[in-house]
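Structure record follows, encoded as structure tokens.
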There are 2 protein chains.
Amino acid sequence: MAAERTTSRKGSPKKRTRALGRATIGDVARAAGVSPMTVSRALKSPNLVTPTMRARVARAVEKLGYVPNLAAQTLASARSSLIGVIIPSLSNSVFIETLTGIRDRLSVAGYQFIIGETLYSPDLERQLLSTHLSRAIDGLLVTGVDLDPDVARSLKNRRIPLVHMFDMSEEAGALSVGFSQTRAGYEVGRHLISRGYRSPGVIAGQLDPRSLKRRHGFRAALADAGISQVAEMLTPQPTSIALGGQLLGRLVGAHPDCDALFCINDDLALGALFECQRRGLRVPHDLAIVGFNDLPYARACVPAITSVTTPRYEIGFQAAHLLLRRMNGETIERRAIDLGFQIAARESA
Amino acid sequence: MAAERTTSRKGSPKKRTRALGRATIGDVARAAGVSPMTVSRALKSPNLVTPTMRARVARAVEKLGYVPNLAAQTLASARSSLIGVIIPSLSNSVFIETLTGIRDRLSVAGYQFIIGETLYSPDLERQLLSTHLSRAIDGLLVTGVDLDPDVARSLKNRRIPLVHMFDMSEEAGALSVGFSQTRAGYEVGRHLISRGYRSPGVIAGQLDPRSLKRRHGFRAALADAGISQVAEMLTPQPTSIALGGQLLGRLVGAHPDCDALFCINDDLALGALFECQRRGLRVPHDLAIVGFNDLPYARACVPAITSVTTPRYEIGFQAAHLLLRRMNGETIERRAIDLGFQIAARESA
DNA sequence: CTGAAAGCGCTTACAG
DNA sequence: CTGAAAGCGCTTACAG
């Protein structure tokens with residue numbers, strides 16, 4: 001009978017053969033001479049099955065090239081082994097490193113993830129979340145702490161564990177892994193003050209919540225040092241190297257006395273540096289430059305750019321770790337994990 | 001009865017409520033006073049359903065906040081609406097742009113994708129493919145044309161459509177979207193020759209098939225011009241800006257007469273440029289530099305780097321498009337789509 | 001155009 | 001430790 005059925009699969013299929021040639025748990029069970037449940041257990045909880053059974057199942061799995069159907073697993077168990085990840089942009093290598101951290105933690109736990117790229121749009125974010133929900137994600141990792149209230153509610157309704165990344169959540173019970181963007185900006189201000197700069201400026205693009213917090217902290221540090229006049233060139237456009245050059249141009253045009261520049265991220269800083277080179281402005285002599293994130297080129301370029309080293313990989317890894325713990329129902333003592341940051345002082349400021 | 005059942009869902013659940021509070025197609029059907037099948041049709045093929053029905057279903061969907069369960073859909077239909085994408089590395093922005101192209105084409109077609117990052121390891125690639133298969137992907141997009149034979153066979157067995165990206169497949173029947181890596185390398189060689197350089201060198205990392213083809217083409221162009229001596233510094237290490245600096249150092253140390261350098265990608269080129277600046281080598285006067293891919297910083301840096309513009313976004317978009325056509329069973333006339341490339345001649349060479 | 005029945009390939013919850 | 005039954009939430013394939 002077993003053989004009968006097996007050959008009929010290969011030969012002319014009597015029933016519809018939707019999953020072409022794909023072995024099912026039933027096929028494995030028949031080949032191993034056990035029940036489907038035993039196959040299921042042997043695969044998921046080997047210790048609940050005798051070694052003999054386990055071996056027979058293993059042999060059958062091998063022979064048939066059995067690969068479990070995750071859709072069936074998901075439907076039956078209401079667990080998808082899928083984690084949703086929401087990041088603003090794939091083209092920002094900051095988030096790519098975070099993704100790598102997430103993957104490294106998740107993959108050993110047998111989870112995969114689907115990425116949603118919001119492009120900094122709350123609308124798109126809502127939409128992406130809805131897609132993620134339809135895939136029955138078991139957990140969610142979101143960049144930032146500002147989640148659409150509707151979305152937050154539906155996540156709560158469906159009991160989907162959630163961890164925020166890149167910023168510290170103030171909300172009671174919320175889980176977050178990141179660092180204080182405001183304090184990071186503040187330290188950049190302190191750094192420039194301590195180096196004797198007295199007319200600092202800021203250039204920023206995107207103007208997402210985290211960038212604005214950095215700027216806020218930066219201005220606070222200057223204010224604490226008695227400096228209230230801060231040259232600024234802000235735009236909601238996405239940041240890029242090219243934008244850095246443009247903003248630098250506009251800022252020094254409007255504020256020729258500006259002696260130091262906080263660029264809200266490294267792309268802007270690199271673009272500003274190149275533009276200085278084109279204009280014959282010496283860095284840091286004529287203008288000091290500080291970036292943010294410490295991407296690889298910051299230390300490589302000439303002069304090397306002073307920046308802020310942020311724990312991007314670690315944020316992803318720890319956020320994934322925290323999420324898994326929450327999903328396992330563990331009690332979590334530290335709900336907001338501050339991974340800190342560091343000023344990398346180099347030649348440019 | 002309908003109301004009865006609805007309230008029992010909200011109140012004390014009699015049965016196990018696995019999918020917490022989540023409305024099913026049955027709930028929608030009851031609320032709309034139609035059969036589940038009509039709901040299914042109204043959602044998937046609205047034109048098969050009368051406008052009246054459609055409206056009733058729409059209202060019920062809205063009211064209940066119904067989101068389809070894709071696991072159930074996948075299991076029942078044997079179609080997952082999931083596409084597997086295999087790329088070597090997320091930290092290479094080349095592939096990020098490709099991903100963006102893929103997403104732009106796939107999202108309008110209602111498909112999502114899962115990414116597998118091979119880190120240039122065939123073993124990892126095999127493993128990732130197996131994971132993708134267990135998610136029942138409907139199609140696959142792979143970087144490169146060299147697929148593990150075992151994997152290729154199992155894809156064929158399961159009739160999973162496949163499109164190669166970034167290189168032209170020679171295999172009969174295979175679908176690919178890209179450009180000729182060899183010819184691109186050749187044109188770089190031609191460019192340097194035409195500019196009068198006579199002692200060109202190459203630096204390369206990773207040494208993946210596509211890099212090696214570029215190098216091969218480059219050397220062919222030099223050979224055609226009567227130059228057979230080519231200084232080379234190759235390493236299997238992953239490429240990076242830092243590596244570019246190191247390789248530059250080693251190459252000019254060993255071959256001080258080298259007058260032009262083909263860097264197998266822009267990261268290497270930028271690192272080489274920075275290292276030249278540190279060493280006081282004037283680019284291009286003392287050493288010309290050519291990169292590959294034309295990433296944003298190539299045109300921004302000082303001097304701007306001559307590079308090769310590659311259609312990365314378009315490759316992703318077109319590959320996804322081709323895959324969808326294949327999945328729809330359309331007949332495909334052009335199986336290998338060559339999107340070409342362009343030399344972006346700038347200041348550095 | 002609409003619906004009742006059966007099934008997709010697993011796991012849950014219960015027996016033994 | 002092992003298994004038979006029922007069900008997860010959809011869609012396929014038929015009827016009408």
Side-chain angles (χ1 to χ4, degrees), chain A residues 5 9 13-30 32-57 61 64 66-81 133-136 138 158, chain B residues 5 9 13-30 32-57 61 64 66-81 133-136 138 158:
Chain A
R5 170 72 200 253
R9 271 194 146 259
K14 295 173 184 173
K15 311 202 156 187
R16 48 183 174 149
T17 20
R18 285 163 166 176
L20 296 151
R22 193 170 171 181
T24 71
I25 207 172
D27 296 331
V28 176
R30 234 168 286 116
V34 301
S35 77
M37 259 325 292
T38 299
V39 175
S40 176
R41 288 199 189 93
L43 262 27
K44 294 280 189 183
S45 331
N47 52 315
L48 294 182
V49 163
T50 55
T52 329
M53 290 290 186
R54 225 179 303 165
R56 277 160 66 183
V57 169
V61 163
L64 299 180
Y66 171 70
V67 180
N69 181 325
L70 287 188
Q73 252 176 230
T74 301
L75 185 58
S77 68
R79 295 187 59 244
S80 62
S81 304
L133 289 181
S134 71
R135 290 264 172 218
D138 291 337
R158 311 219 343 218
Chain B
R5 171 67 201 254
R9 270 196 146 257
K14 295 172 186 174
K15 312 203 157 187
R16 48 183 175 148
T17 21
R18 285 163 165 176
L20 298 151
R22 193 171 171 180
T24 71
I25 206 170
D27 297 332
V28 175
R30 237 168 283 116
V34 299
S35 77
M37 258 327 291
T38 300
V39 176
S40 176
R41 287 199 190 94
L43 263 27
K44 293 281 188 183
S45 331
N47 52 315
L48 294 181
V49 163
T50 55
T52 331
M53 289 291 185
R54 227 180 301 164
R56 276 160 67 184
V57 169
V61 163
L64 299 180
Y66 171 70
V67 180
N69 182 325
L70 287 187
Q73 250 175 230
T74 301
L75 184 58
S77 68
R79 296 187 58 242
S80 62
S81 302
L133 289 181
S134 71
R135 290 265 171 217
D138 291 337
R158 306 204 5 205

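Just so it is clear: chains get the letters A, B, ... in the order the sequence lines come, proteins before strands, and each one is counted from 1. Computation of the quantities below employed the complete heavy-atom set of this structure, encompassing side-chain atoms and omitting hydrogens, waters and symmetry-equivalent molecules. Note that the structure is a prediction, hence the values are computed from the model and not measured.
- Nucleotide dT12(D) holds its P atom 12 Å from the CG atom of Leu48(B), rounded to whole Å.
- When each of Val34(B) and Ala72(B) is assigned the nucleotide of DNA chain C bearing its nearest heavy atom, the one mapping closer to the 5' terminus is Val34(B).
- Taking atom OH of residue Tyr66(B) and atom P of nucleotide dC10(D), one finds them 3 Å apart after rounding to whole Å.
- Among dT11(D), dC14(D), dA5(D), the nucleotide with an atom closest to any side-chain atom of Arg41(B) is dC14(D).
- With rounding to whole Å, Ile25(A) atom CD1 is found 13 Å from dT12(C) atom C1'.
- Closest heavy-atom contact between Ala29(B) and Ser35(B): CB-C, 3.7 Å.
- No donor-acceptor pair under 3.5 Å is formed between the side chain of Arg56(B) and the backbone N or O of Val34(B).
- Separating the CG atom of Asp27(B) from the P atom of dC8(D) is a distance of 11 Å, rounded to the nearest angstrom.
- Listed pair Ser77(B) / dT11(D) fails the phosphate criterion, with no side-chain N or O lying under 4.0 Å from OP1 or OP2.
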In a table with atom names and distances, give each donor-acceptor pair under 3.5 Å that connects a side chain of residues 39-55 of chain B to protein atoms at least two apart or in another chain.
{"residue": "Arg54(B)", "atom": "NE", "partner": "Pro46(B)", "partner atom": "O", "Å": "3.2"}
{"residue": "Arg54(B)", "atom": "NH2", "partner": "Val49(B)", "partner atom": "O", "Å": "3.1"}

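- At the phosphate of dG3(D), OP1 or OP2 sits under 4.0 Å from a side-chain N or O atom of Thr38(A).
- One atom, CE of Met37(A), and another, P of dT12(C), lie 8 Å apart when rounded to the nearest Å.
- Rounded to whole angstrom, the span from the CZ atom of Arg79(A) across to the P atom of dC8(D) amounts to 19 Å.
- Here Ser40(A) reaches the OP1 or OP2 of dT11(C): one of its side-chain N or O atoms lies under 4.0 Å away.
- Phosphate contact (OP1/OP2 of dG9(C), side-chain N/O of Thr24(A), threshold under 4.0 Å): absent.
- The nearest whole Å value for the distance from the CZ atom in Arg135(B) to the P atom in dC8(C) is 21 Å.
- For Asp138(B) (side chain) and Ser80(B) (main-chain N/O), a donor-acceptor pair under 3.5 Å exists by modelled atom type.
- Between Thr50(A) and dT2(D) there is a side-chain polar atom (N or O) within less than 4.0 angstrom of OP1 or OP2.
- If you measure from atom CE of Met53(B) to atom P of dC1(C), you get 11 Å, rounded to the nearest angstrom.
- The pairing partner recorded for dG16(D) is dC1(C), the criterion being a Watson-Crick or G-U wobble arrangement whose two distances lie under 3.5 angstrom.
- Ala72(A) and Leu75(B) get closest at one heavy-atom pair: CB-CD1, 3.8 Å.
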